[in-house]
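The sequence lines fix the lettering, A, B, ..., with proteins before strands; numbering per chain opens at 1.
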Amino acid sequence: MFNDSDCLRILEQAMSTTADFAEVFQEVTESKSVSLLNGQVIRAATNYDTGTGIRLLAGTNSVYVFSSDNDIEVLLKLAKEAAAAIKGGDKGSIEELKALCSTSKATIEIDPMSVAKSEMVDFLRQSSDFALNYNPLITQAASSIACVKRTARVINTRGVNAEDTTNRIRLSVETIATKDNEKQSGRVAPGTMRGYEFINEYPLIDKTRECCDTAIRMVNAGYAPSAKMPVILGNGFGGVIFHEACGHALEATSVGIRNSYFTDMLGQQIASSIVSARDNATIDGEWGSYATDDEGNTSSDLLLIENGILKNYLVDELGGRRMNTKPTGCSRRQNYTYAPTSRMSNTYICNGETDPKDIIANTEYGLYCTQMGGGSVDTSTGDFNFAVNEAFMVRNGKIAEPVRGATLIGKGQEILKNIDMVGNDLLLSAGMCGSVSGGVPVTVGQPTIRVSSILVGGRDAE
Amino acid sequence: MDIKQAKKFMDKLVNAGKEYGFEECEACYATENSMSIDILRGEVSSYEHSASGAVSFRGLKNGQMGYCSTNVIEDASIDYLLKSAMENCDVLNDEDPQFIYCDENNKNLYYSQLSEDYDKNTYERFSELGLKLEKAILALDSRIDAVDYLTISCSTGPYLIINSKGLHSYRDSDGISLMAAARATDSDGSVKSGGHYWIGKDIDDFDMDKFLVKFSENLLGKMGAKSVKSGNYKTILRSEAFNQFFMVFFGNFLATTMQRGLSLLEGKEGEKIASDCLTVKEEPMYDKALTKIPFDDEGVLTTSKAIIDKGVFATALYDLKSANKAGRESTGNGFRGGSAVSEMPTNLVVEPGDKTFDELVEEVGEGIILTDLSGLHAGVNAISGDFSLLCEGYLIENGKKGRPVEQITVAGNFYDVIKSIKSVGNDIINVPSGEGEFFTPSVYIESLAISGDEE
């Protein structure tokens with residue numbers, strides 16, 4: 001990492017024209033991973049990367065330059081070029097640099113980077129041994145562990161001098177069931193910012209069995225119907241629907257340029273009154289957490305929606321300038337090759353009061369989605385789509401036959417208002433979120449909820 | 001870092017690799033220099049410029065290939081690369097051997113295709129064009145509220161591979177891309193969004209009038225869109241939609257996917273899998289392609305070939321490892337993509353038919369045109385071929401393009417769809433994909449299940 005005086009030289013060069021703000025971001029990332037397929041170790045990889053990004057702002061205009069070469073002369077040249085390219089603005093000044101503040105939200109007993117890959121392989125092999133002997137329908141068992149240690153330092157012209165370290169581990173288990181020409185999979189992929197003890201404590205065999213059971217159920221299942229109907233979304237990764245249909249539309253990235261259906265709606269009812277939601281980056285050891293964001297701000301626990309009323313947007317520095325408001329500590333980027341912007345962390349619908357069993361018992365006919373795939377949303381129109389990986393029909397208040405191949409579509413602004421039951425079984429689930437500043441680790445989450453009506457796109461007309 | 005310095009480092013690394021105990025080893029250097037501008041509300045809101053490069057090492061020991069990479073290209077990294085790659089070799093137990101390769105007759109492979117016009121790609125030039133384009137989009141129609149996304153970027157990347165068997169392979173490429181999206185308000189107050197893109201090698205080739213016609217259709221064409229009644233429809237997958245659709249399932253044509261039992265095409269080479277009117281070729285040196293690829297990342301020369309020939313599955317794509325397992329030759333499709341070598345396509349071309357798009361529509365008579373598919377990363381089962389996707393497009397009424405359609409899903413199975421292609425159009429578009437581009441026309445599918453909520 002740079003010393004303070006090198007950083008100051010870069011900032012001085014960057015501020016030599018009309019920029020009112022400049023920032024130096026430097027990053028070191030170490031990663032390692034192993035992947036097994038049917039008990040064979042087919043991949044083992046190791047990587048070490050470093051690089052620097054320099055950002056200049058002049059009002060709402062920005063210039064971003066980056067290099068994988070950390071040589072000070074290379075970076076001074078880039079800073080000079082950036083200064084020449086920035087347009088408009090009132091030339092700002094450079095405040096005195098504060099003492100370095102180092103933070104981490106990771107709570108680690110066993111450093112994953114110190115664990116031998118052979119130990120990871122032995123762990124994963126238990127999963128494939130179990131899966132391949134569990135049921136003759138299971139024909140594939142894949143699994144992997146990936147560990148990433150990232151240290152990111154931010155220095156800017158307001159005197160910010162912050163460094164945040166994150167250690168993340170992601171475990172993935174996927175099994176495939178085959179029947180005739182049909183193949184279906186079951187998958188779990190937990191992520192954590194705890195140490196390798198997370199892996200040691202993980203109920204691998206139970207979870208592998210669940211994957212196998214899902215794959216077997218789905219390979220035997222018929223197609224989901226096509227119709228508008230009540231949809232019950234199971235807890236945990238069911239929260240991806242809130243992440244897509246609401247979370248992205250609350251980011252300054254879209255609100256700041258009025259490209260969101262939630263623009264100018266603070267204080268207004270945007271969801272059913274039984275819905276409250278948060279974006280909380282401060283949870284210890286959680287996959288989507290961090291202590292300091294990629295602009296050097298302290299992370300926060302932000303109330304997004306309270307009893308259906310919109311309370312806060314997710315705001316970064318540039319978005320804050322466009323919206324005339326303060327950043328909320330949610331500025332993130334995949335790595336130094338991206339300028340930062342407003343992103344989600346651990347985003348979830350808060351617990352309600354209903355027992356999930358009562359949600360099913362009170363549904364005469366509908367779809368119960370227990371495993372969601374991914375989805376996407378257009379924040380300007382609200383159009384969203386989600387894939388359902390495992391679902392059951394609900395008939396007369398009871399869980400009935402499993403169905404596959406369902407996609408849920410609709411408008412984000414409508415679905416939030418149609419949530420009519422919220423369970424009390426909140427669960428968070430790890431994922432990766434892709435947006436303009438790259439892929440970042442996030443968790444989605446929710447208790448079991450019911451939406452009174454969603455268009456289910458399946459293959460069978462019912 | 002310039003390529004000469006990188007080569008020096010790589011020579012040293014490969015020599016040190018042999019001494020370290022690898023039977024054979026290889027180093028690859030990939031760089032990217034890029035520049036981009038964003039236009040927002042009449043200003044250049046963002047400018048980016050970058051230079052990055054990284055070295056990836058791989059070494060062979062006892063048939064296992066260990067990888068390690070870093071972008072810290074200095075002598076101190078050599079130990080780290082060798083040690084980590086060796087550790088990786090030690091935990092691997094892949095049954096199928098891998099190879100470091102060099103064809104004695106093609107040791108020195110060199111192909112440079114950098115455009116002489118690349119120097120035209122300046123901040124000033126891009127800004128001027130971007131600002132002019134934003135104005136022109138806003139002037140298209142008073143219902144257009146804003147251009148929320150307009151970016152012009154260019155990049156260039158030399159690529160060097162050296163190995164202990166004597167291979168010295170150099171290739172490069174460059175290109176420009178322009179993307180724009182806007183939103184407009186419909187008469188009922190609902191918001192519609194749409195956009196268009198352009199890729200090329202010479203910024204002077206950008207035809208703004210042509211771009212605006214397509215842009216306007218992609219945005220204003222959606223005005224008044226609503227859902228349809230659920231049912232089975234005769235369907236045209238317009239060239240863009242067919243491109244997206246086919247690419248999502250392309251992994252099934254790769255030998256490794258088959259050998260792992262993850263493709264239903266396993267064992268079907270030589271069999272009829274699609275309609276007679278579907279021919280898909282891989283043309284590494286396709287004259288209309290921006291990037292030509294004479295050899296792959298394993299040092300194997302590429303060749304042009306049919307993947308699907310008049311409905312018959314002619315060949316899968318192989319790299320050295322999967323070819324060895326199948327007891328045949330590599331098809332020159334071993335590329336590094338992320339880090340490890342795996343099969344990737346170069347330039348893919350779906351052979352066009354005789355009919356124009358309008359003639360296809362006329363042939364359908366009554367049905368639906370799908371112009372865009374959403375959620376392809378989630379709404380498909382790449383193995384079984386099942387899909388259920390949010391989409392939009394137009395109705396076809398009396399052999400003519402009718403009203404726009406939105407908030408519908410299309411569901412079916414990839415293998416059924418390619419069997420039920422009735423006609424192929426001649427309206428080819430190209431989209432970057434794999435190592436090159438994918439060229440596709442529109443196709444007419446006999447029947448697809450559409451879900452909508454109109455009564």
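Closest approach of Y123(B) to A85(A), counting heavy atoms only: OH-O, 3.3 Å. In this structure, D386(B) and Q184(A) approach most closely via the heavy-atom pair OD2-NE2, 4.2 Å.
Between the side chain of S46(B) and the backbone N or O of Y64(A) there is no donor-acceptor pair closer than 3.5 Å. D148(B) places no side-chain N or O within donor-acceptor distance of the main-chain N or O of N259(A), the cut-off being under 3.5 Å. Remark: side-chain polar atoms of N93(B) are not paired, donor with acceptor, to backbone N or O of Q40(A) under 3.5 angstrom. Panel note: side chain T70(B), backbone Y48(A); a donor-acceptor pair is recorded below 3.5 Å.
Counted within 6.0 Å of CZ on R258(A), heavy atoms from surrounding residues, nucleotides or ligands total 12 or fewer; the atom is thus considered open. Atom NZ of K226(B) has 12 or fewer heavy atoms from other residues, nucleotides or ligands within 6.0 Å.
The shortest side-chain heavy-atom distance between R322(A) and L40(B) falls under the 4.5 Å cut-off. Put simply, the side chain of N61(A) does not reach to within 4.5 Å of the side chain of Y47(B), judged on heavy atoms. Side-chain contact between T46(A) and E87(B): absent, with no pair of heavy atoms (C-beta onward) separated by less than 4.5 Å.
No side-chain donor-acceptor contact under 3.5 Å links Y338(A) and E48(B). For the 3.5 Å distance criterion, the side chains of N385(A) and S374(B) fail to qualify, holding no donor opposite an acceptor. Using modelled atom types, one finds no donor on one side chain facing an acceptor on the other under 3.5 Å when comparing Y67(B) with N47(A). Using modelled atom types, one finds no donor on one side chain facing an acceptor on the other under 3.5 Å when comparing S52(B) with S68(A). Side chains of T407(A) and S388(B): a donor-acceptor N/O pair is present below 3.5 angstrom, by distance only.
Ranked by non-hydrogen atom pairs under 4.5 Å with chain B, the options V65(A), D49(A), L36(A), I176(A) are led by D49(A). The most heavy-atom pairs under 4.5 Å with chain A, out of I450(B), V191(B), L92(B), come from L92(B). If you tally non-hydrogen atom pairs under 4.5 Å between each of G457(A), A339(A), S62(A) and chain B, the highest count goes to S62(A). Most heavy-atom pairs under 4.5 Å with chain B: of the set T337(A), V456(A), V388(A), I409(A), this distinction falls to I409(A). With chain B as partner, the option from G59(A), S67(A), G373(A) having the largest number of non-hydrogen pairs under 4.5 angstrom is S67(A). The candidate with the highest count of non-hydrogen atom pairs below 4.5 Å against chain A, out of A181(B), S69(B), S193(B), S84(B), is S69(B). Ranked by non-hydrogen atom pairs under 4.5 Å with chain B, the options I257(A), T381(A), L78(A) are led by I257(A).
Interface remark: L37(A) contributes side-chain atoms only to the contact with chain B (heavy atom separation under 4.5 Å).
A distance of 10.0 Å separates CZ in R41(B) from OG1 in T60(A), rounded to the nearest 0.5 Å.
For K183(A), there are no salt bridge (charged side-chain N to carboxylate O under 4.0 Å, His left out) partners at least two apart in sequence or on another chain.
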